[in-house]
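Shown next, in structure tokens, is the structure this report addresses.
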Amino acid sequence: MSFVDKVYEVSKQIPKGSVATYAQIAALSGNPKAARAVGMAMRKNPHMPIVPCHRVVSSSGELTGYSAGGVGVKKEMLLKEGVKFVGDKVDLAKSQWRNVAS
DNA sequence: AAACTGACTTCTC
DNA sequence: GGAGAAGCCAGTT
């Protein structure tokens with residue numbers, strides 16, 4: 001299993017209405033510094049309907065890229081899922097995904 | 001196998 | 001807080 005495959009596995013687990021940062025996914029995948037590789041994995045995104053790549057944002061909550069239409073569409077989808085937005089960025093303080101069961 | 005590229009992050013000015 | 005530069009990783013050519 002490659003690192004990117006791990007990334008997909010993690011991304012799949014992101015609950016609706018929440019978002020995760022590239023660094024976060026990278027860390028959960030085993031390489032906290034592989035945030036970049038994560039981005040590439042999303043760009044390729046061989047698991048479009050399976051992996052909600054639109055729930056992945058930069059460390060600042062800013063919407064970056066999106067192979068399937070652009071950050072505009074991405075933002076709309078997040079909004080529909082209930083993700084809080086601050087201007088053009090995601091409100092990480094409220095909508096960042098936490099892999100903790102509480 | 002080497003070099004280039006990219007949906008990143010972090011430090012410094 | 002904004003702009004610029006450096007560092008890292010994995011994939012593609």
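Because the structure is a prediction, the values reported are computed rather than measured. Chain A is the first sequence line, chain B the second, and so forth, proteins listed ahead of strands; every chain is numbered from 1.
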Subject >> DNA chain B contacts made by residues 42-65 of chain A, counting heavy atoms under 4.0 Å >> reply: A:M42, A:R43, A:C53, A:S58, A:S59, A:T64, A:G65
Original post:
Can you list, by residue number, the residues of residues 16-29 of chain A that have a non-hydrogen atom closer than 4.0 angstrom to DNA chain B?
Top reply: A:Y22, A:A23
**OP:** To the nearest Å, give me how far apart NZ (A:K33) and P (B:dG6) are.
**Re:** 23 Å
Subject >> Separation of C:dG11 P from A:N31 CG (nearest whole Å) >> reply: 11 Å
Subject >> ILVMFWY cluster membership beyond A:M77 - transitive side-chain contacts under 4.5 angstrom >> reply: A:Y66, A:V73
Subject >> Expected output: side-chain A:T21 to main-chain A:Q24 donor-acceptor under 3.5 Å >> reply: yes
**OP:** Classify the nucleic acid contact of A:A37 as base, sugar-phosphate or nothing, counting any heavy atom under 4.0 Å across all strands shown.
**Re:** base
**OP:** Please identify each residue that fulfils salt bridge (Lys or Arg N to Asp or Glu O under 4.0 Å) with A:K16, with sequence neighbours left out.
**Re:** none
Original post:
Do the side chain of A:K74 and the main chain of A:T64 share a donor and acceptor less than 3.5 angstrom apart?
Top reply: yes
Original post:
If you find the nucleotide of DNA chain C closest to A:V4 and the one closest to A:R36, which residue's nucleotide is nearer the 5' end?
Top reply: A:R36
Please list every donor-acceptor pair under 3.5 Å in which a side-chain atom of residues 29-38 of chain A meets a protein atom from a residue at least two apart or in another chain.
{"residue": "A:S29", "atom": "OG", "partner": "A:I25", "partner atom": "O", "Å": "2.7"}

Original post:
Are A:L63 and A:L92 joined in one hydrophobic group, where the rule is that I, L, V, M, F, W and Y side chains link up if heavy atoms are under 4.5 Å apart?
Top reply: yes
Subject >> Interatomic distance, A:Q96 CD vs B:dT9 C1' [rounded to whole Å] >> reply: 14 Å
Original post:
Is it true that A:E9 and A:K12 have a side-chain N and a carboxylate O under 4.0 angstrom from each other?
Top reply: yes
Original post:
Of all residues at least two apart in sequence or in a different chain, which pass the side chain to side chain contact (heavy atoms under 4.5 Å, CB included) check with A:S67?
Top reply: A:R43
Original post:
Roughly how many Å is it from OH in A:Y8 to C1' in C:dA10, rounded to a whole number?
Top reply: 11 Å
Original post:
Of all the nucleotides listed (C:dC9, B:dA7, C:dG11), which has the minimum atom distance to the side chain of A:Y66?
Top reply: B:dA7
